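Within every chain, numbering begins at 1; the chains are lettered A, B, ... in the order of the sequence lines, protein sequences first and strands thereafter. Note that the coordinates shown come from a computational prediction; the quantities given were computed from them, not determined experimentally.
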Amino acid sequence: MIVCICNGISDRTIRAAVRCGARDLGDVARACEAGGDCGSCHDQIRGIIGDADRATEGRSSSEHHTHGAVSESFTSV
Amino acid sequence: MGSSSVQGHPAVIDALNTVLTGELTSINQYFVHAELCEHWGFDKLHGKIRKESIDEMKHAESLVERVLFLGGMPNVQRLGKVTIGETVPEILELDRVLENEAIPRLRDAIALCHTHGDHGTRTLLESILRSEEEHIDWIDAQLELIARVGLENYLASRI
Ligand code: FES
Ligand SMILES: [Fe+2]
Ligand SMILES: [Fe+2]
């Protein structure tokens, strides 16, 4: 589904950015442009980041996130 | 503003504007979904979803009319979140989400009209609620059909 209408970015692309380390709205916008315009999609993007955070906590509670560290290898899906 | 002699309760006008926001959001989402279906060659789905979009526009029209009648200002500035499907099942499910959100909004507004004794507005909202229920019925029938005959067969019947 297209979550960010302004930029035509799908949930899959946003999930990929989050997998590559995006941890807030700024990270996601830098990685794939999603959320960089009107902001209507911010709640949905936060939801996707939240899903990833919960999944990570489920796997290892000791792991820590570093902000702004989106891997260079991220490419759009 | 205007020459209306009827002054609506501010809470009812707010509720009408909240319902209006949902309608305006649906118009846009369904309109794009209809065009996507046409783009993919599913002419029957295009016709049906386009009609749903126009139904939402008729709902919006009656709400704008009612807000003005009650001496309020219709809020056409505010829009909810539009989410666009990339496949036919996704389109149906995302439209179902908007309809799911519309039902409690309408029910709450109807209850509010009851509280404030605004029977005219209540009747209008009840007719919109019935229309949304029919829409949901159609969406659910499509999703059940997909589950029953399989996506490929379903899509072949929607060309
Ligand atoms: S919908 Fe994402 S910035 Fe507008
Ligand atoms: Fe409607
Ligand atoms: Fe509807």
Side-chain angles (χ1 to χ4, degrees), chain A residues 1-59 65 67-68 70-77, chain B residues 17-40 42 45-46 49-50 52-53 56 60 75-102 104-105 139 142-143 146 151 154-155:
Chain A
M1 67 181 100
I2 306 298
V3 167
C4 180
I5 306 293
C6 292
N7 297 293
I9 309 293
S10 71
D11 60 327
R12 282 165 294 119
T13 298
I14 297 165
R15 269 178 234 287
V18 170
R19 266 200 306 279
C20 292
R23 277 297 168 269
D24 58 31
L25 290 171
D27 291 347
V28 170
R30 276 187 294 278
C32 68
E33 292 186 345
D37 287 272
C38 78
S40 302
C41 56
H42 284 181
D43 280 354
Q44 268 172 299
I45 295 174
R46 278 194 208 97
I48 291 172
I49 295 169
D51 288 347
D53 281 346
R54 272 189 299 281
T56 309
E57 274 160 29
R59 259 177 274 123
H65 304 308
H67 281 258
V70 180
S71 124
E72 292 297 324
S73 64
F74 168 76
T75 42
S76 186
V77 193
Chain B
N17 271 324
T18 302
V19 173
L20 177 59
T21 298
E23 300 291 353
L24 296 172
T25 309
S26 300
I27 293 169
N28 290 3
Q29 181 165 312
Y30 304 167
F31 196 73
V32 173
H33 281 166
E35 288 303 307
L36 270 172
C37 287
E38 183 178 47
H39 180 68
W40 295 332
F42 301 119
L45 281 174
H46 164 247
I49 298 176
R50 181 174 185 277
E52 293 297 344
S53 176
E56 309 304 359
N75 187 343
V76 291
Q77 188 70 73
R78 195 174 53 195
L79 202 64
K81 181 69 183 81
V82 170
T83 308
I84 300 299
E86 296 177 280
T87 63
V88 167
E90 215 170 61
I91 281 175
L92 292 166
E93 272 151 24
L94 290 169
D95 290 357
R96 183 69 160 92
V97 169
L98 283 195
E99 294 295 326
N100 278 350
E101 291 169 359
R105 221 168 17 227
I139 296 174
Q142 308 314 297
L143 293 171
I146 291 171
L151 183 58
Y154 172 80
L155 292 178

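Take B/Glu101 and apply the salt bridge (charged side-chain N to carboxylate O under 4.0 Å, His left out) test, not counting sequence neighbours, and it matches no residue.
When all heavy atoms of B/Glu90 and A/Met1 are compared, the pair lying nearest together is OE1-N, 2.9 Å.
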CA sep, side-chain torsions, deciding dist, call: B/Thr83, A/Ile2, side chain to side chain contact (heavy atoms under 4.5 Å, CB included): CA-CA 6 Å; B/Thr83 308; A/Ile2 306 298; over 6 Å; no
Check the pair B/Glu86, A/Ser10 against side-chain hydrogen bond (donor to acceptor under 3.5 Å, both in side chains), reporting the backbone distance first and the verdict last. CA-CA 9 Å; B/Glu86 296 177 280; A/Ser10 71; 4.5 Å; no
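Within the model, atoms SG of A/Cys38 and CG of B/Leu79 stand 9.0 Å from one another, a figure rounded to the nearest 0.5 Å.
Heavy atoms of other residues, nucleotides or ligands lying less than 6.0 angstrom from CZ of B/Arg96 number more than 12.
In this structure a side-chain-to-backbone donor-acceptor pair under 3.5 Å is missing from B/Lys81 to A/Asp43.
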